[in-house]
A.B. asks: 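I have a structure here, written as structure tokens, and I will follow up with some questions on it.
Every number for a ligand or one of its atoms is a count from 1 in the order of the listing. Residues: numbered from 1 along the sequence shown.
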Amino acid sequence: MSFDPQKIFGKIIEKTRSAVRRSGEKIPYTAEKDVFDDCSGDISWWTNGFWAGMLWQLYGACGEPSFRKTAERIEEKLDESLMSAKGMDHDSGFKWLLTSGANYTLTKSEASKNRLLLAAGNLAGRFNPAGKFLRAWNDGGDGSAAGVAIIDCMMNLPLLYRAGELTRDPRFSQIATLHADTAASAFVRGDGSVCHIVDFDPETGERKGSRAGQGYAHGSAWTRGQAWALYGFALSYRHTGRKNYLTTAERVADYFLTNIPASGLIPVDFLQPPTPAYEDDSAAAIAACGLLELSELAGKRNYHDAAVRLLAALDGQRCDYDPAHDQLLTRCSAAYHDDRHGFPLIYGDYFYTEAIAKLIGKETFVW
Ligand code: GLY
């Protein structure tokens, strides 16, 4: 079957209309028996902005009122997280760029701008000046996570860039670039692969070591982490024009491209054993978005072509376009060593939708 992004986008809109009717204001993480679950009871979970983000992407393209209404309601629900010191971590970009940021872009809602700036201020407050990194996770107050940074955070930096643009206060992008510089030197390896977790001494800022995190093993290449880095450095280049971010994004992209299997389907880790053949559709979708962005920024067609290859593999083999089912991508994995593999994850659906929207020129740029 030939890959037709216009048709795919139409199918996603139709499917989403049905899902909104069925699952409405739920905040999904995955789907069970083809029906979205609901994370509303775990309001600070890092994925809680993706369904609203997908609805805004589609609303921006087709103006369907139910998409906007549902996304606005989810954004309001997230206020509980914004008010929770325990709940606020480095993933504020994922949560508020895709809700409040998208809303402000499309509707100029002052309430959304307010939320975005509150979230950005909190993220900036996670900066460790000694190590020049943004702290990732929280702990129970014992300081055990005070020195932990993860590659995923590259995707949260656009919240700081956006706040800097809105307030004309350079502190936001100063913090973002200091973190990006640290990530380029502390996470990215000589061959262009990246590690997931780096531990710093939170007092001195010294780099103590790295960990496999959600990947296969120490020194391996967790594919979603590669995709976060690829897209994240490209976005930092887009916001700052700093050449080293473009070079870094290209090094990570070239490593990714070299390792795409013949099937075009992406494993959980590029260095995992051949069996079990765990896959992660979400890594493919995120990488496709990053490659499309990078292709434009670097003026290189091969990145665009690689993105199309990844999306065509998902479209032909891994997408569920049945309007009776809530999920879109079917074989994602949260982490290599988890018990569960090959199931829907809402961020996979979001990035697949964003990538298709990018391809056909209908993207609402949120990063
Ligand atoms: N940010 C967490 C993940 O990619 O699973």
Side-chain angles (χ1 to χ4, degrees), residues 27-30 37 39 42-51 53-54 78 81 87-99 119 123 126 133-139 145 148-160 179-180 183 187-188 193-199 210-217 220-233 235 252 256 266-270 272 278-290 329 331-352 354-355 366-367:
I27 308 185
Y29 170 69
T30 183
D37 68 347
C39 259
D42 184 7
I43 200 62
S44 294
W45 184 234
W46 77 276
T47 64
N48 283 356
F50 287 105
W51 175 228
M54 185 166 155
L78 287 180
S81 179
M88 294 297 284
D89 60 22
H90 79 130
D91 280 324
S92 291
F94 288 126
K95 283 187 267 179
W96 281 283
L97 281 171
L98 301 186
T99 53
L123 179 59
R126 301 184 74 81
F133 66 88
L134 286 159
R135 170 184 174 160
W137 299 314
N138 299 330
D139 50 41
V148 177
I150 66 174
I151 194 62
D152 323 27
C153 192
M154 286 304 300
M155 290 300 293
N156 291 312
L157 301 186
L159 179 64
L160 299 177
H179 178 90
F187 286 76
V188 184
S193 68
V194 299
C195 51
H196 182 197
I197 302 176
V198 170
D199 294 303
S210 67
R211 282 185 271 154
Q214 285 157 254
Y216 168 60
S220 71
W222 175 50
T223 54
R224 197 161 63 249
Q226 315 306 298
W228 292 142
L230 194 175
Y231 199 8
F233 279 108
L235 290 167
V252 177
F256 201 99
I266 298 302
V268 177
D269 194 306
F270 283 131
Q272 74 189 32
Y278 296 147
E279 275 178 38
D280 185 12
D281 292 348
S282 77
I286 298 158
C289 288
L329 298 186
R331 291 215 200 159
C332 303
S333 289
Y336 182 88
H337 291 287
D338 280 1
D339 292 336
R340 194 170 178 202
H341 292 275
F343 64 108
L345 283 167
I346 192 65
Y347 42 97
D349 292 6
Y350 170 80
F351 282 102
Y352 183 71
E354 185 190 293
V366 293
W367 301 106

A.B. asks: Consider only side-chain N and O atoms of Asn156 and Arg126, and report whether a donor and an acceptor are under 3.5 Å apart.
C.D. replies: no

A.B. asks: Any protein N or O within less than 3.5 Å of an N or O in ligand 1? List each pair with its distance, or say none.
C.D. replies:
{"unit_1": "ligand 1", "atom_1": "1 (N)", "unit_2": "Asp152", "atom_2": "OD2", "d": "2.7"}
{"unit_1": "ligand 1", "atom_1": "4 (O)", "unit_2": "Asp152", "atom_2": "OD2", "d": "3.3"}
{"unit_1": "ligand 1", "atom_1": "4 (O)", "unit_2": "Arg224", "atom_2": "NE", "d": "2.9"}
{"unit_1": "ligand 1", "atom_1": "4 (O)", "unit_2": "Arg224", "atom_2": "NH2", "d": "3.4"}
{"unit_1": "ligand 1", "atom_1": "4 (O)", "unit_2": "Trp228", "atom_2": "NE1", "d": "2.9"}
{"unit_1": "ligand 1", "atom_1": "5 (O)", "unit_2": "Gln214", "atom_2": "NE2", "d": "2.7"}
{"unit_1": "ligand 1", "atom_1": "5 (O)", "unit_2": "Arg224", "atom_2": "NH2", "d": "2.5"}

A.B. asks: Do Asp280 and Thr223 have a side chain donor and acceptor closer than 3.5 Å?
C.D. replies: no

A.B. asks: Does a side chain donor of either Tyr278 or Arg331 reach within less than 3.5 Å of an acceptor in the other side chain?
C.D. replies: no

A.B. asks: Can you see whether Trp222 engages Gln272 through a side-chain donor-acceptor pair at a distance of less than 3.5 angstrom?
C.D. replies: no

A.B. asks: Sequence neighbours left out, what passes side chain to side chain contact (heavy atoms under 4.5 Å, CB included) with Ala149? Give chain and number order.
C.D. replies: Phe133, Phe187, Phe200

A.B. asks: How about Asp152 and His196: does a side-chain donor come under 3.5 Å of a side-chain acceptor?
C.D. replies: yes

